[in-house]
Amino acid sequence: MKKRAYTAEEYAEGIASGNRVLLSRAITLIESTRPEHQELAHQVLERCMPLAKSLVRIGITGVPGVGKSTFIEAFGSQIIEQGHRVAVLAIDPSSRLNRGSILGDKTRMEQLSLDENAYIRPSAAGDSLGGVARKTREAMILCEAAGFDVVLIETVGVGQSETTVRDLTDFFLLLLLPNAGDELQGMKRGIVEMCDWLAINKRDINATAAKIARAQYNNALHLFPKKGSNWTASCSLCSATNGEGILDIWETIKQYIELTKTNDFFDKNRKSQTLYWLHESIQQELGNAFRRNERVIAQLPDIETAVLTGKKSVSQATKELMQLIIF
């Protein structure tokens, strides 16, 4: 059965009234690469942006097996008990071979997914780097327009490339394991330096190792330069399984919000992020325009052959292709 087509006004009105079906369809719309979908998606976003207001955007990352989904379910449930509405944008890795994704985050957050004050949306990372999907920022805006005042972004969780989420969120949380050892050493400059808080999860499994790890990371954090927010990052212990230390992290985030709003960093950071995503969007659109250009499509196979046979260098081939769309 063919789905009914909605106008941009109907999408915006439905999202603002809390219609989850239209919210989900709108996110699917903005994730589509079809030109006709993109035009409607832009219209929907334009109407939703004035409605998009949130208390805080939180990025959550960590190595595979650290318990991100379990943590988010416990964390989100406790935030809801505090009177908030929580949207979770969970990014699943995409296969390099068939481009598919499992998108099974709802099954790992079974209780939270049933809460009327929570909304969970899994999305495929696709070919995007940095642990987030190509349209995560736009999906976040739609969720905020739907009245969700706390947005959690769960990254793919693959290691030191998980830094793009920092340019989407107000607060960046890194989850660690008690016995991580040297596996996080390469991440220190890439993630530990950028995060606003560290939490060692699964402390109930090995409390002694968790305490040792906390001390080590707190010592290491002193070596990093001071943040522009004037916030001092630290490391705490928690257990998503029994809820220990989860609410303390929320209290820490509220302290962060209060500090950064007082010293004007909060608003300045969001404006800086908006400009960053403007330039990212420009690059994406230029790339799309290049790939859709008829002259490029016609000549690309010959130029690719010339590069493969050594008749042209990559730089020369790139220059010739760019001239096709510039002149």
Side-chain angles (χ1 to χ4, degrees), residues 3-59 76 79-80 83-91 103 105-106 112-113 115-126 128 132-154 164-165 167-171 257 261 266-285 288:
K3 291 183 179 179
R4 178 195 161 189
Y6 291 91
T7 65
E9 291 81 2
E10 288 174 323
Y11 269 116
E13 289 174 4
I15 290 169
S17 66
N19 187 319
R20 291 169 183 257
V21 173
L22 284 184
L23 172 59
S24 295
R25 286 190 60 176
I27 294 177
T28 300
L29 188 70
I30 65 172
E31 291 177 341
S32 172
T33 57
R34 293 175 61 177
E36 64 272 25
H37 289 172
Q38 283 297 293
E39 179 58 36
L40 180 57
H42 292 325
Q43 296 175 22
V44 173
L45 282 167
E46 287 292 326
R47 287 163 173 78
C48 286
M49 283 181 63
L51 308 173
K53 296 178 176 62
S54 65
L55 174 67
V56 65
R57 302 163 178 171
I58 304 169
I79 294 174
I80 289 172
H84 299 284
R85 301 185 70 222
V86 178
V88 180
L89 300 177
I91 315 303
L103 303 179
D105 295 273
K106 278 191 175 182
L112 188 62
S113 66
D115 196 307
E116 62 179 10
N117 290 308
Y119 174 78
I120 302 173
R121 170 71 184 207
S123 295
S128 297
V132 298
R134 185 172 58 90
K135 294 294 184 178
T136 299
R137 185 176 189 276
E138 287 82 355
M140 179 174 62
I141 290 172
L142 295 182
C143 289
E144 292 175 350
F148 295 98
D149 60 337
V150 177
V151 180
L152 309 179
I153 301 178
E154 178 193 1
T164 303
V165 71
D167 296 310
L168 283 169
T169 55
D170 307 307
F171 190 92
I257 296 170
K261 284 193 171 183
F266 190 93
D267 290 335
K268 289 179 181 177
N269 186 49
R270 283 204 175 181
K271 289 178 180 178
S272 175
Q273 290 175 350
T274 299
L275 288 178
Y276 171 82
W277 285 101
L278 167 64
H279 292 288
E280 285 291 304
S281 181
I282 290 171
Q283 290 187 19
Q284 287 181 5
E285 288 301 318
N288 292 336

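With a 4.5 Å cut-off on side-chain heavy atoms, L112 and I80 count as touching. Counting only heavy atoms from C-beta outward, the side chains of D115 and V86 never approach each other to under 4.5 Å. I30 places none of its side-chain heavy atoms less than 4.5 Å from the side chain of V44.
For the pair E31 (side chain) and K135 (backbone), a donor-acceptor distance under 3.5 Å is absent. A distance-only check finds a donor-acceptor pair linking the side chain of T28 to the backbone of S24 [under 3.5 Å]. Put simply, the side chain of E138 never gets that close to the backbone of I27: no donor and acceptor are under 3.5 Å apart.
Atom CZ of F266 and atom NZ of K271 lie 12.5 Å apart (nearest 0.5 Å). The distance from atom OH of Y276 to atom CG of N269, rounded to the nearest 0.5 Å, is 13.0 Å. Note that the CD1 atom of I91 and the CZ atom of R121 stand 10.0 Å from one another [nearest 0.5 Å]. Interatomic distance, CZ of R270 versus OG of S272, reported as 13.0 Å (0.5 Å rounding). F171 contributes atom CZ, which lies 11.5 Å from atom CG of L152 (distance to the nearest 0.5 angstrom). In this structure, OG1 in T136 is found 6.0 Å from CD1 in I153, a value given to the nearest 0.5 Å.
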Tell me which donor-acceptor pairs under 3.5 Å the side chains of residues 140-151 have, and how far apart each pair is, sequence neighbours excluded?
| unit_1 | atom_1 | unit_2 | atom_2 | d |
| --- | --- | --- | --- | --- |
| E144 | OE1 | R57 | NH2 | 3.0 |
| E144 | OE2 | S54 | OG | 2.8 |
| E144 | OE2 | R57 | NE | 2.7 |
| E144 | OE2 | R57 | NH2 | 3.4 |
| D149 | OD1 | R85 | N | 2.8 |
| D149 | OD2 | H84 | ND1 | 2.8 |

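With sequence neighbours excluded, the residues that form a ring-ring contact (aromatic ring centres under 6.0 Å, His included) with Y6 are Y11. With sequence neighbours left out, T274 forms a side-chain hydrogen bond (donor to acceptor under 3.5 Å, both in side chains) with R137. Looking at residues two or more places apart in sequence or on another chain, you find a salt bridge (Lys or Arg N to Asp or Glu O under 4.0 Å) between E36 and R34. Here E13 pairs with nothing under the salt bridge (Lys or Arg N to Asp or Glu O under 4.0 Å) rule; sequence neighbours left out.
For the residue pair N19 and L22, the shortest heavy atom distance occurs at OD1-N, 3.0 Å. Residues G59 and V165 share a closest heavy-atom pair of CA-CG2, 3.9 Å. Closest approach of E10 to A5, counting heavy atoms only: OE1-O, 4.3 Å.
Note on residues 37-56: pairs passing salt bridge (charged side-chain N to carboxylate O under 4.0 Å, His left out), not counting sequence neighbours, are E9-R47.
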